[in-house]
**Q** 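The structure's right below; bear with me while I get my questions together.
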Amino acid sequence: MSGHVRARVETALARIAAAQPALQAFQHVAADRALARADILDRADAPPGPLHGLPLAIKDNIVARGIPTTAGSRILEGYQSPYDAAVVERLEAAGAVIVGTTRCDEFAMGSSTDNCAYGPAHNPWDLTRTPGGSSGGSAAAVAASLVPIALGSDTGGSIRQPASLCGVVGVKPTYGRVSRYGLMAFASSLDQIGPFARTTREAAAVLEVISGHDARDSTSAQQPVPVFVNALTGDVRNVRIGVPRHLITGDVDENVRAAFDAALSVAQSLGAEVRDVELPNADRGIAVYYLIATAEASANLARYDGVRYGHRATGVTSLADLYERSRHDGFGAEVKRRIMLGTYVLSAGYYDAYYLKAQQMRTLIARDFARAFETVDVVALPTSPCAAFPLGERVDNPLQMYLADVYTVGANLAGLPGVSVPCGFTIEGLPIGLQFIARPWDEATMLRTADAYEQATAWGERAPATR
Ligand code: GLN
């Protein structure tokens, strides 16, 4: 077995290097670190871990010792973490080899990677289009088979939406399932780390490894971690799928709508029961999300002050000048917009009108889901109302960009697990994703449903020409 892992890692590194000019999926390729890791694994006498030798990429907002992390921002250019994220510790303990970081929107704010300060990643299915965001580089890397697995973070859809736009599987776990220790915070009450993979089975195996309690994240839950792959029985005859038809409005692309309806028919033919459910407050999700996420971001990003991390302005005249100049130079337009919005909604006089109202509405949205889950086991929705759009198209229209999150933010606001699984293609040949959302901690039923659907259809087996 000597050299086995090294050979596998070298293959991944070669594929990444060949694809990088066109795809820009990676932010930093940690070749030396990965090869050193591979050699350790090849020499080790210990029994191989469950992910032995698996080359894996992490989103550029998850820290690892010896790898620079920028969160797609100039303000963190050259930053290197002195510690490993909890997910990195767990993956490496399981034998995985981290080959680098993937491109994302600045501080994970966006749906396209257009907001990355270092340039966007490209969609392997059409290089002129977005891979989605904010974890677009991770989705593109897996879709192009540069790595079998990549991690992303999902605050309002940033794993599920790029998975959908790139034709791969993406899982956003229940809030509290995966430690956020070492994830650069965007909106702490919404952020979760999760895997991208080509199949639900691989995603399930990685999810099991990264899940579990961690005392260093105060919101990490004391919940037993099931062997998720054991849930993938292919049998969905006792699964009740709820469809909030009232949310599938005229704004949804007709290709997406057709693929969604066809997917429900497949689920039905597998023996699942498909019935309507109501989520009466879900159409307020976008407004609520963009109030809460910006409020939390304005607080979380206060730490980037030019003193402790990354970019520091020179030639300043005072401490206030240092803060202002460092942040002015370091942050991009979207991040500034969100800090201003978030600061506004938290300010005295507006707090009750915006932030408090949003929190109340968040509770109602969570209650809607809880009520739906009294009669169904999973809720099905399209992941994104449209397939991959051209890079740059929505940069000047942030509201249009925000509206693309309509089907994903609900799971974050309610803390629920969600998965996106490939469910077809548009007439232009762009992937479409199907989303299942489940009860808290019931990733098992959600993944069983996704896997059974995947087994019956095999949409994910189609490969982009660039693969
Ligand atoms: N597109 C959403 C936003 O811009 C979600 C981002 C995310 O999940 N990180 O906030």
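We count ligands from 1, going down the list as the structure has it; atoms in each ligand are counted the same way. Index from 1, following the sequence.
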**Q** Any chance CZ of Arg367 has more than 12 other-residue heavy atoms, nucleotides or ligands included, within less than 6.0 Å?
**A**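 12 or below, so no.
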
**Q** So which protein heavy atom does atom 5 (C) of ligand 1 come closest to, and at what separation?
**A**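 Answer, as residue, atom name and distance: Tyr289 OH, 3.3 Å.
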
**Q** Quick check: does Arg338 get an N/O under 3.5 Å from an N/O on ligand 1?
**A**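 Yes; the residue has a nitrogen or oxygen that sits under 3.5 Å from a nitrogen or oxygen of the ligand.
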
**Q** Any idea which part of Asp405 is under 4.0 Å from ligand 1, heavy-atom wise: side chain, backbone, both or neither?
**A**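 Looking at Asp405 and ligand 1, just side chain atoms fall under 4.0 Å.
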
**Q** So if I count the atoms of ligand 1 from 1 in the order they appear, which ones are less than 4.0 Å from some heavy atom of Ala108?
**A**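 Reading through ligand 1 atom by atom, the close ones are 6 (C), 7 (C), 9 (N).
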
**Q** Going by the order shown, which atoms of ligand 1 are within less than 4.0 Å of some heavy atom of Gly110?
**A**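 Within the 4.0 Å cut-off of Gly110, ligand 1 contributes 1 (N), 2 (C), 3 (C), 4 (O), 6 (C).
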
**Q** Is there a polar contact between ligand 1 and Phe186, counting only N or O atoms under 3.5 Å apart?
**A**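 In this structure, Phe186 places no N or O atom under 3.5 Å from an N or O of ligand 1.
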
**Q** For Ser134, take its heavy atoms, then give the atoms of ligand 1 lying under 4.0 Å from any of them.
**A**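 Numbered from 1, ligand 1 contributes 9 (N).
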
**Q** Heavy-atom contact under 4.0 Å between Gly157 and ligand 1?
**A**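 Gly157: in contact with ligand 1 (<4.0 Å).
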
**Q** Side chain or backbone, does Ser111 bring an N or O within less than 3.5 Å of an N or O on ligand 1?
**A**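 N/O-N/O distance below 3.5 Å exists for this pair.
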
**Q** Is the contact between Tyr290 and ligand 1 made by the side chain, the backbone, both, or neither, using heavy atoms and a 4.0 Å cut-off?
**A**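 Answer for Tyr290: side chain.
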
**Q** I'd like to know if Glu428 and Arg129 make a salt bridge, using a cut-off of under 4.0 Å between side-chain N and carboxylate O.
**A**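 Yes, charged N to carboxylate O under 4.0 Å.
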
**Q** Check for a donor-acceptor pair, side chain of Thr408 on one end and backbone N or O of Asp405 on the other, with a separation under 3.5 Å.
**A**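 Yes, Thr408 side chain to Asp405 backbone: donor-acceptor pair under 3.5 Å.
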
**Q** Is the OH atom of Tyr83 crowded by more than 12 outside heavy atoms at less than 6.0 Å?
**A**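 Counting neighbours around OH of Tyr83, more than 12 heavy atoms of other residues, nucleotides or ligands fall under 6.0 Å, so yes.
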
**Q** Can you tell me if Tyr354 has over 12 outside heavy atoms packed within less than 6.0 Å of its OH?
**A**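 Count not over threshold, so no.
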
**Q** Decide, yes or no, whether a salt bridge links Asp217 with Arg180 under the criterion of side-chain N to carboxylate O below 4.0 Å.
**A**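 Yes, charged N to carboxylate O under 4.0 Å.
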
**Q** Taking N or O atoms only and a 3.5 Å limit, does Gly156 qualify as a polar contact for ligand 1?
**A**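 Yes, Gly156 has an N/O under 3.5 Å of an N/O on ligand 1.
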
**Q** Applying side-chain contact (heavy atoms from CB on, under 4.5 Å) between Thr113 and each of Ser134, Pro131, Pro162, report the one that passes.
**A**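 By the side-chain contact (heavy atoms from CB on, under 4.5 Å) criterion, Thr113 pairs with just one of Ser134, Pro131, Pro162: Pro131.
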
**Q** Ignoring hydrogens, just give me the one of Gly133, Ser158, Ser112, Pro398 whose non-hydrogen atom is nearest atom 7 (C) of ligand 1.
**A**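 It is Ser158 whose heavy atom sits nearest to atom 7 (C) of ligand 1.
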
**Q** Is there a nitrogen or oxygen of Asp154 sitting under 3.5 Å from a nitrogen or oxygen of ligand 1?
**A**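 Among all N and O atoms of Asp154, none is under 3.5 Å from an N or O of ligand 1.
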
**Q** Within the distance-only criterion (no hydrogens, no angle test), does the side chain of Thr102 pair as donor or acceptor with the backbone N or O of Gly137 below 3.5 angstrom?
**A**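 No: the side chain of Thr102 does not pair with the backbone of Gly137.
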
**Q** Does the distance from a Lys or Arg side-chain N to an Asp or Glu carboxylate O, for Arg198 and Glu202, drop under 4.0 Å?
**A**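 Between Glu202 and Arg198 there is no salt bridge, as every charged N stays at least 4.0 Å from the carboxylate O atoms.
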
